[in-house]
2 protein chains.
Amino acid sequence: MRSYKHPAIEDVRPEDIFHALSDPVRLDIIRRLAAEGAASCAALDGGRPKSSMSHHFRVLRDAGLVHTRPEGVTHMNQLRRDELATRFPGLLDAVLAAIA
Amino acid sequence: MRSYKHPAIEDVRPEDIFHALSDPVRLDIIRRLAAEGAASCAALDGGRPKSSMSHHFRVLRDAGLVHTRPEGVTHMNQLRRDELATRFPGLLDAVLAAIA
DNA sequence: GCCATAGTTCGAAATATATCGTACAAGCGA
DNA sequence: TCGCTTGTACGATATATTTCGAACTATGGC
């Protein structure tokens with residue numbers, strides 16, 4: 001569990017981004033990451049089981065939206081804002097505005 | 001077939017938009033509608049069966065992305081650009097730039 | 001080393017989605 | 001009205017996705 005696979009930003013495909021954004025649970029995660037900057041998985045479960053959250057974080061990671069790094073015993077997640085802004089200018093900002 | 005149900009723009013939900021955008025076939029439709037302004041369903045099938053295309057156009061309509069109106073024997077589709085720009089400022093432009 | 005904590009992985013069940021063939025409906029022109 | 005064209009509606013199948021429990025892994029503190 002040492003390291004996670006994150007796609008290189010240039011390999012991120014728009015359809016994967018949109019798929020990742022098509023679930024209400026994941027939109028909630030995105031919203032809260034945008035508001036709080038960074039958060040552990042456990043901090044964002046809404047009483048949902050760990051395995052469910054793990055699944056959603058993985059979808060977000062694989063899509064290229066979220067970066068996860070181990071920090072002690074927890075895993076900190078944050079949006080890949082700068083990279084995404086370079087790859088898809090304006091997209092993340094418009095998404096965040098849309099789901100605010 | 002006289003009239004289609006299009007959601008009122010204020011009822012359009014971001015997650016439905018993103019789901020509609022999560023399929024390569026539909027992204028292709030969006031791309032071509034953006035480039036050509038308006039097009040019939042048949043004009044955009046890539047050799048796919050009519051029933052498949054009909055399904056995808058329905059998803060796009062239900063999501064609020066596309067407006068369809070009967071025009072003689074064909075059905076003209078176009079992006080709901082202005083409405084979407086009001087409801088979700090910057091979103092459609094960023095999406096079109098991302099999938100260009 | 002042992003235990004607790006934080007997440008991942010696996011497996012299963014329910015639901016949703018994509019795809020396509022066939023049948024149907026609506027408009028247009030002869 | 002008949003035939004042609006365009007697209008929808010229905011039904012079936014294959015594949016994905018969501019959800020969750022249970023077992024497992026990694027880290028930190030004692």
Side-chain angles (χ1 to χ4, degrees), chain A residues 1-7 13-30 32-33 36 38-78, chain B residues 1-7 13-33 36 38-79:
Chain A
M1 226 146 304
R2 193 124 200 81
S3 63
Y4 291 90
K5 283 197 301 269
H6 296 92
R13 297 182 312 171
E15 63 243 59
D16 293 334
I17 297 274
F18 297 132
H19 168 250
L21 293 173
S22 69
D23 182 281
V25 177
R26 289 194 290 267
L27 281 190
D28 232 57
I29 293 174
I30 295 287
R32 298 194 51 188
L33 285 180
E36 301 172 25
S40 67
C41 303
L44 300 186
D45 66 3
R48 275 171 243 277
K50 295 189 297 178
S51 52
S52 294
M53 294 311 285
S54 185
H55 161 71
H56 287 300
F57 274 105
R58 194 155 106 77
V59 173
L60 290 169
R61 259 197 312 272
D62 290 351
L65 278 165
V66 165
H67 182 87
T68 307
R69 67 177 187 286
E71 188 161 299
V73 74
T74 77
H75 298 191
M76 284 314 257
N77 303 280
Q78 58 190 108
Chain B
M1 224 152 309
R2 194 123 200 83
S3 63
Y4 291 90
K5 283 196 300 269
H6 296 92
R13 295 183 312 172
E15 63 243 58
D16 293 335
I17 296 274
F18 297 132
H19 169 250
L21 293 173
S22 70
D23 183 282
V25 177
R26 290 194 290 266
L27 281 191
D28 231 58
I29 294 174
I30 294 287
R31 232 184 316 258
R32 299 193 51 189
L33 285 180
E36 302 171 25
S40 68
C41 301
L44 300 186
D45 67 3
R48 274 171 243 278
K50 295 189 297 180
S51 51
S52 294
M53 293 312 285
S54 186
H55 162 70
H56 287 301
F57 274 104
R58 194 156 105 77
V59 173
L60 290 170
R61 257 197 313 271
D62 290 351
L65 279 165
V66 165
H67 182 87
T68 306
R69 67 174 188 285
E71 187 161 300
V73 76
T74 77
H75 299 190
M76 285 312 259
N77 302 280
Q78 55 189 101
L79 295 174

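Reminder, nothing fancy here: chain letters follow the sequence lines and each chain counts from 1.
Rounding to whole angstrom units, CG of residue B/Leu27 and C1' of C/dA18 are separated by 15 Å. In this structure, A/Glu71 atom CD and C/dT5 atom C1' are separated by 15 Å, rounded to whole Å. Between B/Ile29 atom CD1 and D/dG7 atom C1' the separation is 13 Å, expressed in whole Å. Rounded to an integer number of Å, the gap from A/Lys5 NZ to C/dG7 C1' is 15 Å. Taking atom CG of B/Asp23 as the reference point, atom P of D/dA16 lies 13 Å away to the nearest angstrom.
The side-chain heavy atoms of B/His75 and B/Ser40, taken from C-beta on, include no pair separated by under 4.5 Å. With contacts defined as side-chain heavy-atom distances shorter than 4.5 Å, the pair B/Arg31/B/Asp28 qualifies. No side-chain heavy atom of B/Leu60 sits under 4.5 Å from any side-chain heavy atom of B/Thr68. Within the 4.5 Å cutoff, the side chain of A/Arg26 has no heavy atoms near those of the B/Glu15 side chain. Two residues are said to be in side-chain contact when any heavy atoms from C-beta on lie closer than 4.5 Å; B/His55 and B/Arg58 fail this criterion.
You'll find that the side chain of B/Val25 is closest to C/dT19, out of C/dA18, C/dA6, C/dT19. With D/dT19, D/dG7, C/dA6 as the candidates, the nucleotide lying closest to the side chain of B/His75 is D/dG7.
Each of B/Pro49 and B/Gly72 was assigned the nucleotide of DNA chain C with the nearest heavy atom; the assignment lying further toward the 5' end belongs to B/Pro49. Annotation: of the two residues near DNA chain D, A/Arg26 and A/Val73, the 5′-most nearest-nucleotide partner is A/Arg26. For the pair A/His19 and A/Lys50, both in contact range of DNA chain D, the more 5′-proximal nearest nucleotide belongs to A/His19.
In terms of phosphate contacts, A/Tyr4 brings no side-chain nitrogen or oxygen within less than 4.0 Å of OP1 or OP2 of C/dG7.
From B/Phe18, atom CZ reaches atom CG of A/Leu27 across 6.5 Å, with rounding to the nearest 0.5 Å. Separation of atoms CG (B/Asp62) and NE2 (B/His6) is listed at 9.0 Å; rounding is to 0.5 Å.
Taking a 4.0 Å limit (strictly below) on heavy-atom distances, residues 41-48 of chain B reaches DNA chain D at B/Cys41, B/Ala42. Sorted by residue number, the members of residues 51-62 of chain A with any non-hydrogen atom under 4.0 Å from DNA chain D read A/Ser51, A/Ser52, A/His55, A/His56.
Paired with A/Leu65 under the rule side-chain contact (heavy atoms from CB on, under 4.5 Å), one option of A/Asp16, A/Leu21, A/Ile29 passes, and it is A/Leu21.
Taking 4.0 Å as the cut-off between side-chain N and carboxylate O, A/Asp45 and A/Arg48 do not count as a salt-bridged pair.
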